[in-house]
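One structure below.
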Amino acid sequence: MPELPEAETIARELDGTLTSRVVCGVSLLRADVFRGDRGALAGLVGQRVEKSARRGKRVTVQFEGGERLVFALGMSGRLAVVSADAKVEVHTHLRVGFDGGVELRFCDPRRFGGVYLFAKGAAVVGERLGALGPEPLEISAQAFHGLLDRRRQIKALLMDQAVIAGLGNIYADEALHRAGVHPMRLGAELSEVERRALWRGMRSVLRAAIKHRGTTLVDYRDPDGAPGSFQRKHRVYRRDGQPCRTCGVMIDKIVANGRSTHFCPQCQALGE
DNA sequence: CGCATTTCCTGGAGGC
DNA sequence: TGCCTCCAGGAAATGC
């Protein structure tokens with residue numbers, strides 16, 4: 001499930017391979033993954049790519065004319081840059097051909113993801129595309145502390161894209177472990193010291209994961225088809241029943257915010 | 001406001 | 001071998 005580090009890896013690679021290329025063809029194989037004006041999609045032909053970037057978990061390809069093609073990858077969404085004559089894999093929903101014989105393909109078996117196209121200057125908001133909170137790698141410690149001041153489970157706050165953009169189930173669990181904070185604590189009840197630890201833990205886990213080109217558990221691949229390697233560095237996620245890498249106590253798994261949640265009962269005690 | 005529940009969808013795992 | 005059921009999970013909608 002692509003979260004911020006995976007989206008960052010994808011965006012960097014697209015930025016390197018697609019920038020300055022001109023669209024020569026667009027083919028939508030599955031209409032319902034595209035949430036926007038289909039006519040405008042055909043209008044991309046002839047447009048030149050200015051850059052590719054990430055915001056939260058989303059990947060954007062920006063064109064010189066100002067249009068932005070936005071990909072929300074959901075949990076199984078994948079972007080691949082391949083030769084135009086490469087075999088088309090199952091669940092490929094969109095193909096964007098470029099000069100030089102390369103093609104960008106959006107593939108998403110479970111179809112939780114979506115593709116959006118926004119005109120120059122238009123706000124990036126649409127069906128299943130809510131407004132995004134600040135970037136976890138850019139927000140100041142001070143501002144982050146303020147975000148947590150609500151009587152809501154800290155794990156739910158971290159995973160709410162409108163609160164802070166980019167953390168999903170994996171990195172929320174990993175950030176909480178690094179900070180030594182139990183996932184079911186209420187945000188408003190965290191001390192200044194704990195909030196600071198969470199800010200640092202969140203940033204350090206995201207930076208480390210980007211360095212390892214993300215986490216591949218099942219589906220995730222970068223646009224070259226290569227997996228990430230950060231799963232080897234996970235301290236809690238999907239490590240239930242195994243010893244904590246910090247203290248040796250068995251990692252536990254519970255449901256919080258409707259999601260499987262992994263934590264160390266010793267390092268992340270609930271307290272009294 | 002917060003929170004649990006349901007919906008979407010498919011592949012993989014486990015049961016028999 | 002093959003069928004069946006269950007589950008994961010991002011985000012939004014619904015009901016309490």
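Below, each value reflects all heavy atoms present in this structure, side chains not excepted, and no hydrogens, waters or symmetry copies. These numbers were taken from a predicted model, which means no experiment stands behind them. Below, chains carry the letters A, B, ... as their sequence lines are ordered, and counting in each starts from 1.
- Within the structure, ring pair (Phe, Tyr, Trp, His ring centres under 6.0 Å) contacts touching residues 35-72 of chain A (residues at least two apart or in different chains) are A:Phe71-A:Phe106.
- Sorted by residue number, the members of residues 148-160 of chain A with any non-hydrogen atom under 4.0 Å from DNA chain B read A:Arg150, A:Arg151, A:Arg152, A:Gln153.
- Around atom CD of A:Glu64, more than 12 heavy atoms belonging to other residues, nucleotides or ligands sit under 6.0 Å away.
- Per the geometry, CG belonging to A:Asn257 stands 11 Å off P belonging to C:dA11, to the nearest Å.
- Counting to the nearest Å, the P atom of B:dC8 and the CG atom of A:Asp32 are 13 Å from each other.
- OP1 or OP2 of B:dC9 has not a single side-chain nitrogen or oxygen of A:His91 nearer than 4.0 Å.
- For the pair A:Asn169 CG and C:dG10 P, the interatomic distance rounds to 5 Å; values are reported in whole Å.
- Computed from coordinates, the A:Arg78 CZ to B:dG11 P distance equals 12 Å when rounded to whole Å.
- For the residue pair A:Thr215 and A:Tyr171, a side-chain donor N or O sits within less than 3.5 Å of a side-chain acceptor on the partner.
- With 3.5 Å as the limit, one finds a donor-acceptor pair spanning the side chains of A:Lys155 and A:Thr261.
- Both tests do not hold together for A:Arg195 against A:Trp199: distance to the six-membered ring centre under 6.0 Å, angle to the ring axis within 45°.
- Across all strands, A:Leu129 comes closer than 4.0 Å only to sugar-phosphate atoms, never to a base (heavy-atom distances).
- Ring planes of A:Tyr116 and A:Phe118: parallel class, angle under 30° (limits at 30 and 60°).
- In this structure, A:Ser76 does not reach the B:dG11 phosphate: none of its side-chain N or O atoms is under 4.0 Å from OP1 or OP2.
- Atom CZ in A:Arg111 sits about 18 Å away from atom P in C:dA12, given to the nearest Å.
- A sub-4.0 Å separation between OP1 or OP2 of C:dG9 and a side-chain N or O of A:Arg238 is present.
- Taking atom CD of A:Glu3 as the reference point, atom P of C:dA11 lies 9 Å away to the nearest angstrom.
- Distance CZ (A:Phe112) to P (B:dT6): 15 Å, rounded to an integer number of Å.
- Rounded to an integer number of Å, the gap from CZ of A:Arg110 to C1' of C:dG9 is 8 Å.
- The neighbour count for A:Arg200 CZ, taken as heavy atoms of other residues, nucleotides or ligands under 6.0 Å away, does not exceed 12.
- Nucleic acid contact for A:Gly130: sugar-phosphate only, since backbone atoms but no base atoms lie under 4.0 Å from a heavy atom of the residue.
- Taking side-chain N and O atoms only, A:Arg259 has no distance below 4.0 Å to OP1 or OP2 of C:dA8.
- Between A:Tyr220 and C:dG9 there is no side-chain N or O to OP1 or OP2 distance below 4.0 Å.
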